[in-house]
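For the numbers below, each heavy atom of this structure counts, side chains included, while hydrogens, waters and symmetry mates do not. Everything quoted here is computed from the prediction, not taken from an experiment. Convention: sequence-line order gives letters A, B, ...; per-chain numbering from 1.
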Number of protein chains: 2
Amino acid sequence: MTKAERTRQLILEKAAPLFNTKGVAGTSLSDILEVTKLAKGSLYVHFENKEDLAHEVVDYQLDRLANVVETAMSRKKTAKEKLFAYIDLYLDPLNPPIIGGCPLLNFGMEADDTDEVIRKKVHQLVEKAQQNIRSIVERGIETGELKSDWDAKEFATTMFAMVEGGIMMSRIAGNNKAMQVIARSLKNEIEEKVN
Amino acid sequence: MTKAERTRQLILEKAAPLFNTKGVAGTSLSDILEVTKLAKGSLYVHFENKEDLAHEVVDYQLDRLANVVETAMSRKKTAKEKLFAYIDLYLDPLNPPIIGGCPLLNFGMEADDTDEVIRKKVHQLVEKAQQNIRSIVERGIETGELKSDWDAKEFATTMFAMVEGGIMMSRIAGNNKAMQVIARSLKNEIEEKVN
DNA sequence: TCAATAAATGACCGATCGGTCGTAACAATA
DNA sequence: TATTGTTACGACCGATCGGTCATTTATTGA
């Protein structure tokens with residue numbers, strides 16, 4: 001890892017939680033300089049401008065999220081276990097694995113009307129996440145673990161919506177009650193589909 | 001309505017869609033001056049500062065949302081019809097009744113880490129919306145319209161989460177497919193509980 | 001080891017930010 | 001209609017915004 005690569009990585013790591021909590025518009029370069037302990041000129045060695053940095057930070061955060069999910073699920077064998085692992089990842093939206101909460105929700109809702117580039121990046125991962133859930137259910141049906149009358153695609157959509165909605169509710173409430181109700185409800189629904 | 005009241009109302013009306021699409025941090029006073037055709041000093045006749053204006057705009061938007069929901073549901077008689085009316089309100093997140101989309105989602109996700117006052121305002125309406133759904137289900141059970149084994153509170157939480165999650169997904173995707181799947185799924189679930 | 005290359009610095013820039021205030025225009029009311 | 005209180009105005013303020021660049025310092029590879 002060259003010096004440049006290390007510095008670039010440092011900036012992304014330090015800037016990511018700022019953008020994810022305060023938003024892109026709400027985060028200034030001086031905020032980033034403060035946490036990185038770098039001078040302003042250094043930022044521009046590694047990034048074209050604030051917009052470019054924001055886009056790279058989004059990539060960085062979405063990669064992290066994808067990895068967290070991937071790791072948690074790959075540890076499990078059965079479809080049910082994998083789905084439960086996914087749900088468990090989001091059980092505590094007030095102390096989330098990624099500071100500031102789900103970047104899909106945060107960046108997505110800020111960017112939907114303001115930044116087409118970010119919107120598309122977020123969209124890609126939203127699609128991938130649903131595809132992931134869907135594939136697990138479909139494979140579960142194929143192996144006979146899950147009942148075959150289950151609409152995998154529809155379930156993927158509703159499950160994803162419930163999780164994101166639950167995160168929103170819990171973060172707004174300042175407690176995790178909503179998310180716990182939702183997790184229980186989702187797990188019941190899955191349990192009913194296990195043969 | 002005095003002159004002051006009219007001007008104040010004008011500012012709220014014109015500023016609301018700006019805040020709801022670009023966010024509070026992403027909206028400048030000059031943006032607001034442009035759409036209101038007012039001079040800067042006028043803003044400060046009616047509001048203390050930008051933060052105060054933002055809080056009043058949030059109140060204004062949440063009142064509007066509450067009214068839209070209230071109006072749509074009060075037209076209907078049965079519990080099923082009322083719940084369907086609620087769902088139908090959100091069927092087209094790309095052309096929503098409130099410009100910029102659901103203010104609970106927009107303001108909520110921006111404010112959860114940055115503005116406690118807004119967070120609490122949003123929280124109140126989120127609670128009220130759930131309570132509303134819950135009451136309708138409970139009354140439906142009492143009148144015998146709905147099956148009595150239905151957990152009204154849990155349903156209110158999951159339904160609200162699904163709708164908000166569906167809005168998020170559709171706005172990020174740039175189409176309404178996700179929301180339509182969710183609406184259909186919710187309506188099926190309700191239909192199954194009708195006696 | 002040392003020359004060539006790259007990264008880091010921070011003073012500096014114009015633009016824009018949120019906010020103030022003296023003055024002019026207007027509205028309300030007696 | 002005259003008077004008084006209110007609203008609207010916009011030049012102005014200091015601070016901060018995102019961004020540049022000549023110079024210094026550090027890294028790299030021959």
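Under the salt bridge (Lys or Arg N to Asp or Glu O under 4.0 Å) test applied with A:D59, the options A:R64, A:K120, A:K121 reduce to a single match, A:K121.
Closest-nucleotide positions on DNA chain D for B:H46 and A:E48 were compared, and the one nearer the 5' end corresponds to B:H46. Of the residues near DNA chain D, A:T27 and A:G41, the one whose nearest nucleotide (by heavy atom distance) lies more toward the 5' end is A:T27. Annotation: of the two residues near DNA chain C, B:S42 and A:A4, the 5′-most nearest-nucleotide partner is A:A4.
Whole-Å rounding puts the A:I11 CD1 to C:dT9 C1' distance at 13 Å. What separates CG of B:L29 from C1' of D:dC13 is a distance of 15 Å, to the nearest Å. The distance between atom CD of A:E5 and atom P of D:dT27, rounded to the nearest whole Å, is 15 Å. Per the geometry, CZ belonging to A:F47 stands 12 Å off P belonging to C:dA7, to the nearest Å. B:L33 places its CG atom 12 Å from the P atom of C:dG19, with the value rounded to the nearest Å. Nucleotide D:dT16 holds its P atom 16 Å from the NZ atom of A:K50, rounded to whole Å. For B:R8 and D:dT6, the CZ to P distance is 17 Å, given to the nearest whole Å. Rounded to whole Å, the distance from CE on B:M1 to P on C:dA28 is 13 Å.
Contacts of A:T36 with the nucleic acid, taken as non-hydrogen atoms under 4.0 Å apart, are absent. At the heavy-atom level, A:L43 lies nowhere under 4.0 Å from the strands shown.
Contact between the side-chain N/O atoms of B:K3 and the OP1/OP2 oxygens of D:dA8 is found at a separation under 4.0 Å. Contact annotation: A:S30 side-chain N/O to D:dC17 OP1/OP2 distance is under 4.0 Å.
A salt bridge does not link A:R8 with A:E5: every distance from a Lys NZ or Arg NE/NH1/NH2 to an Asp or Glu carboxylate oxygen is 4.0 Å or more. By the 4.0 Å N-to-carboxylate-O rule, B:D88 lies close enough to B:K187 to be salt-bridged with it. A salt bridge does not link A:R139 with A:E142: none of the charged nitrogens is closer than 4.0 Å to a carboxylate oxygen.
Among the nucleotides D:dA8, D:dG19, C:dA8, the one closest to any side-chain atom of A:T7 is C:dA8. Checking C:dA27, D:dG19, C:dG18 against every side-chain atom of B:K40, the shortest atom distance belongs to C:dG18. Comparing atom distances between the A:V45 side chain and each of C:dG18, C:dA8, D:dT28 picks out C:dA8 as nearest. Here the nucleotide nearest the side chain of B:S28, chosen from C:dC17, D:dG19, D:dC9, is C:dC17. Counting only heavy atoms from C-beta on, A:A39 has its side chain closest to C:dG10 among D:dG19, C:dG10, C:dG18. Among the nucleotides C:dG18, C:dT9, D:dG19, the one closest to any side-chain atom of A:Y44 is D:dG19.
At distances below 3.5 Å, not a single donor-acceptor pair connects side-chain atoms of B:R171 with backbone N or O atoms of A:D113. B:D31 places a side-chain N or O within donor-acceptor distance of the main-chain N or O of B:S28, the cut-off being under 3.5 Å.
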